[in-house]
**Q** 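To start, I am sharing the structure in question, which I have written as structure tokens.
Sequence lines set the chain letters: A, B, ... in the order given, protein chains first and strands last, and positions in each chain run from 1.
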Amino acid sequence: MSGATARFSSLGAAVPGIALLVAFGVVPLAVLTVTALGLGATGAGEEPGLTLDNLTQAVTSPRLRQELVASVVVGIGSVLIMLVAGIPLTLAMSRHGGQVGHGRLTSVVFTLPIALPGIVVGFFTILMLGRTGIFGQVVPALGGAAYTLPGIFVAYVYFSFPRVIGPLQAAMSTFDHSLVDTARTLGASRARAFVSVTLPVVLPAVVQVLGTAAAVTIGGYGTIATLAQSERLLPLSVADRLSNGYQVASASGLAVVLALLAAGTLAVSRLLSAWLERRLR
Amino acid sequence: MSGATARFSSLGAAVPGIALLVAFGVVPLAVLTVTALGLGATGAGEEPGLTLDNLTQAVTSPRLRQELVASVVVGIGSVLIMLVAGIPLTLAMSRHGGQVGHGRLTSVVFTLPIALPGIVVGFFTILMLGRTGIFGQVVPALGGAAYTLPGIFVAYVYFSFPRVIGPLQAAMSTFDHSLVDTARTLGASRARAFVSVTLPVVLPAVVQVLGTAAAVTIGGYGTIATLAQSERLLPLSVADRLSNGYQVASASGLAVVLALLAAGTLAVSRLLSAWLERRLR
Amino acid sequence: MSESGLVIDDLSVDYDSTRAVSGLSLHVPDGQTLAIVGPSGCGKSTVLRTIAGLTRPAEGRVVVGGRDLTHVPASARDVGLVPQNYALFPHLSVRGNIEYGLKARGVDKVARREAVDRLLAFTELTPLAQRRPSQLSGGQRQRVALARAMAIEPSVLLLDEPLAALDPQLRGAMRRQLLDLLGATTSINVIVTHDRHEALSMADVVAVMRDGRLVQAGSPRELWQAPADAFVADFLCGATYVDVVLDQDAVHAFDGRWAIPYAAVDAARPATGRARGRLLLRPDSLVLSEHRGTGTVPALVRHAEFVGESTLVTLEVAGTAVSVRTDQPVTTGTTVHAGLAGRPVAHPHPEEIAA
Amino acid sequence: MSESGLVIDDLSVDYDSTRAVSGLSLHVPDGQTLAIVGPSGCGKSTVLRTIAGLTRPAEGRVVVGGRDLTHVPASARDVGLVPQNYALFPHLSVRGNIEYGLKARGVDKVARREAVDRLLAFTELTPLAQRRPSQLSGGQRQRVALARAMAIEPSVLLLDEPLAALDPQLRGAMRRQLLDLLGATTSINVIVTHDRHEALSMADVVAVMRDGRLVQAGSPRELWQAPADAFVADFLCGATYVDVVLDQDAVHAFDGRWAIPYAAVDAARPATGRARGRLLLRPDSLVLSEHRGTGTVPALVRHAEFVGESTLVTLEVAGTAVSVRTDQPVTTGTTVHAGLAGRPVAHPHPEEIAA
């Protein structure tokens, strides 16, 4: 009995977690979708009744479509830029990680910024690239750049920094550097070894980090909330629909689109990573 | 030469990452602090000149002090609740993880919600516990609970779910279950083995996860932005100072406090975790 | 029925849908040491976990001193376990580790202190009592794990590959030390190992397992003298069984290429006609010579390795590979003549007596 | 100066502030195999990495076929490396792994295909050419790593613990196969190992290292016959050096407790007076008897382990532990009488001749 008991009992301990997931995950998503379809609660100016408009508005309205595209471009683009800087950095850290406290300190410095709220990141950007920002005072053309797409992009690059470096570092710490050493002895240049050995081997982990960081970045509200003046991203419209006139059904539709976009980015990256991983096994 | 070259060149590849950190991390923090001290840009209604008021307002103003306390309580409390549910769950997953795709699927289900933006989480809560929320329709006392501290707390528990489970699962995957098996053969009951062996061994990892998740939760803006009606949290005030009258210096002060609070939570957890870790080594 | 010692009775264990152990029966008398030996994946560790109560058997019983433990939880079995990696509690000192089981059993502080002090002295760990496991060498960790398991005065002490985690250079000395420590206990010891030298040298009873089944059990000398089949011969003795035909003149092996006179072999001439049998060729069974002689067979030297004490030679005789240990220098690729050195055992199978 | 073979000249290597290798000089002629052996942390792997160009020496040179490689990058050294864990590229097939070096060197497709086909056939991997490394057994992986390193036709082939990653049960067979494969190459092979049997059986030259320094180098038989010091005797031969005094009557050991007649020992009587020397006692140097005889010494049996082929006995003679391999049954705790079995080597130190 004991073996089976041990197993059941430890799974039993997991029940509260699973129950929580169901209560907090499945139910609200269902309610959200029902509301978005016009079958649940509606706002003052909204018609009840089944409609797909609330869900398709992000694709049909040109303004929302533009926000959707900008959200994806900013979310994935900023993470990609961080990856280009982060992969060599974290690889170097993992190779020299053995060297006393050094590596530990670097690790803390690089991951501490994960604690910086999106709203503070947005604020930084205003102080740097805002209309009276310090860069604007030096180069007038940069004044107010914080509120343009390039400025928002810069803010999001900073936002994704710790969200990329931390997980990347964890993933790279298991990289077998003897693969590169062996490639070198076989005659490969440093660049060739990187492209033909390192990159293919770390790609599944990189794709997964990319997906997770991009999903978080796409859904982040704080940064864009501080920077939204001319340019807009999707999370903003969800909040606006609620605060301006309490358009519950419309906001629900946008929230479903936003959630699907973020979760979709994550899910796609997971699938791609698993597929790449299988190719290695 | 080659050994030294290899080492320098791979560290060299890390330079862009380090440069980025300096440009995006040190400079804005310095500017933010200078502004908060009243020495940088100020808003229309603000006096320039050296002052600590902007930094101390969170402690001196009763309303802001209350927000500060609520931020800390909600941030750390919601993560603690998740830990209680999450530790047995992830331990069970790590023991039975060897069992084919099963564990992988569970892992995806539990971490996918990390992609759900805070703003969507806030929205969920409104649909469940808002004035016309489904729980409110069944139990009238729960109507509008979303806007009270307990409701906000529930929202943040959900927000921290994937932010706790994911890292916790990674940390638990290396737990040596033969420790528990051995404790059992020595006569320890299941509960005794958990308290006297499992918990002390996983504590450093748990504290680190707690710190990171709490820091992110404290700084998160999306959820509270949707739920703020009567109750307020600190990130809200930062945004408000900017949108209402562009009080740059005051907002900077609050942003510095918020950043220190979040980064401090992370740093304290790191130190505590390192200390606990040393006690194990 | 009151049985003394450890009785494993028709034990079968499933992992998911695979049968890891199948119909295993063993008996270890009180105070003796059983070694379960076999290649990786043969089910030997599963047997250990089942005795400890950490895995539930699908069928069969585990009985210790007449008490059926099959349905008793691990924490109430009085079975001490020394896991393969020792699984020392990293947050407790050496003393804390050894004390753990006594605390869990509610032994009072004075008795605990006295028992731990005695075990520390016994395992020569007294000066290290306040150290953390991470500050110990591999051999010291092994002794802590042993002292911890012994503290509860178990009726059965289980050791999972007790030497595998140690530096190969130290293994010999550690094996001798472990033997001394185990010799001083009165409990039944069960050691799981994949190393035949460990099994032969440490156990009173050796059980050879393969694919979840017991192949042979007996004293080390019994198994060494008469391995049950080609697998045990190869695994435990590094030896080969060769089929032979016994007739009135000689014992014939390798399709008649080798005729061994009865004077050179420990086998009885069949009463009449011919009989079949098998000849156990150990590495030291053969002597090699450059010249043909009575009772020799020509053999091709496939490999010759100098290993210090001797040269390990792989011979090919009529397509069969035979290992030989010799002191003479031989050259790969040459032909040598092999004859029996001593009196290896031939087992004529009576049921196979031919006309 | 044109030197043939591999020359390691006064090589020192630092890791951070510690000197991992100190003043190492070695010469390996063309076509020969060097085995570097020593306990873990002795610096043997560092030597390998330095030859490969993956670690930069603090001092000294590495010269191959007269070409000073010390400042040549790893990618231009023509040195093949088989890392300890084999480090196969997980994303490439067996063919892709073997082909890698040829691609990196810009060999054209037809020549590449032809070379890989030849190596696949040579290492008997042709049917597995399309497999991924993860689908291979340990032995197959080893062969892929070997074929990959051989593909670039290196002047030096480095093997880091080539058998350590394999199941102990398979190691013997894999060692013989590896020897066959290496025997067919014309390059200089350098094998790093901690296993003395591997070193003795695979190498033409064995170098014993300890704490970053070379202790002794020579042919396996040279080292086996005359280990330089107690460390090499113990590490390589499992033997013990015993200090002796030679006088006109006998060789005296253990403070005079043991008088060995000159008839039983391979030592020359000193011309006059007394001389000091040392006697190498191997496990098979002594025969044990229950009865006192000429040239025997009483010894206490501390341990006796049956390991099949023989019983390993640890004797205590005047406080010194001596290992003996015997066929006779002995009992722990009893006293036996040990005498020399054959003619072990005594090295009288001429400079230490006493009055």
**Q** At what distance, to the nearest 0.5 angstrom, does CG of D:L92 lie from OG of A:S196?
**A**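 The OG atom of A:S196 is 7.5 Å from CG of D:L92, to the nearest 0.5 Å.
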
**Q** Tell me the ring pair (Phe, Tyr, Trp, His ring centres under 6.0 Å) pairs involving residues 97-123 of chain D, sequence neighbours left out?
**A**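 Every ring pair (Phe, Tyr, Trp, His ring centres under 6.0 Å) pair that includes a residue of residues 97-123 of chain D, provided the two are not neighbours, is D:F89-D:Y100.
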
**Q** So do D:P73 and A:R184 actually touch side chain to side chain, heavy atoms under 4.5 Å?
**A**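 A:R184 vs D:P73: side chains touch.
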
**Q** Closest approach of A:V201 and D:H91, non-hydrogen atoms and distance?
**A**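 Closest pair (atom of A:V201, atom of D:H91, distance): CG2-ND1, 3.8 Å.
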
**Q** Using the side chain to side chain contact (heavy atoms under 4.5 Å, CB included) definition, which of the options D:K103, D:R148, D:R105 pairs with A:L186?
**A**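 Exactly one option meets the side chain to side chain contact (heavy atoms under 4.5 Å, CB included) with A:L186, and it is D:R148.
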
**Q** Taking atom CD of D:E153 as the centre, report whether more than 12 heavy atoms of other residues, nucleotides or ligands fall under 6.0 Å from it.
**A**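 No.
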
**Q** With a 4.5 angstrom heavy-atom cut-off, is it the side chain or the backbone of D:N85 that approaches chain A, or both, or neither?
**A**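 Side chain only.
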
**Q** With the side chain counted from C-beta on, respond yes when D:P90 and A:L179 share a heavy-atom pair under 4.5 Å apart, and no when they do not.
**A**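 Side-chain contact under 4.5 Å: yes.
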
**Q** Is it the side chain or the backbone of D:A149 that comes within 4.5 Å of chain A heavy atoms, both, or neither?
**A**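 Just its backbone gets close to chain A.
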
**Q** Against chain D, label A:D181 side chain, backbone, both or neither, depending on which of its atoms sit under 4.5 Å from a heavy atom there.
**A**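 For A:D181, backbone and side chain are both near chain D.
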
**Q** Measuring heavy-atom distances to chain A, does D:I152 have an atom under 4.5 Å in its side chain, in its backbone, in both, or in neither?
**A**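 For D:I152, the contact with chain A is made by the side chain alone.
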
**Q** Mind checking the CZ-OG spacing from A:R192 to D:S75? Nearest 0.5 Å is all I need.
**A**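 So the CZ of A:R192 and the OG of D:S75 are separated by 11.5 Å.
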
**Q** Above 12 or not: heavy atoms from other molecules or residues under 6.0 Å from CZ of D:R19?
**A**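 Yes - once you tally the heavy atoms of other residues, nucleotides and ligands closer than 6.0 Å, there are more than 12.
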
**Q** With respect to chain A, which residue among D:A76, D:G80, D:G101, D:P154 yields the maximal number of heavy-atom pairs within a distance under 4.5 Å?
**A**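 Highest number of pairs under 4.5 Å: D:G101.
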
**Q** Checking heavy atoms, do the side chain of D:L88, its backbone, both or neither come under 4.5 Å from chain A?
**A**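 D:L88 touches chain A through backbone heavy atoms alone.
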
**Q** Are A:T185 and D:R77 packed together at the side-chain level, in the sense that at least one heavy-atom pair is separated by less than 4.5 angstrom?
**A**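 Counting from C-beta outward, A:T185 and D:R77 never come under 4.5 Å.
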
**Q** Given a strict heavy-atom distance threshold of 4.5 Å, which part of D:A52 is in contact with chain A: side chain, backbone, both, or neither?
**A**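 Both parts, heavy atoms under 4.5 Å.
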
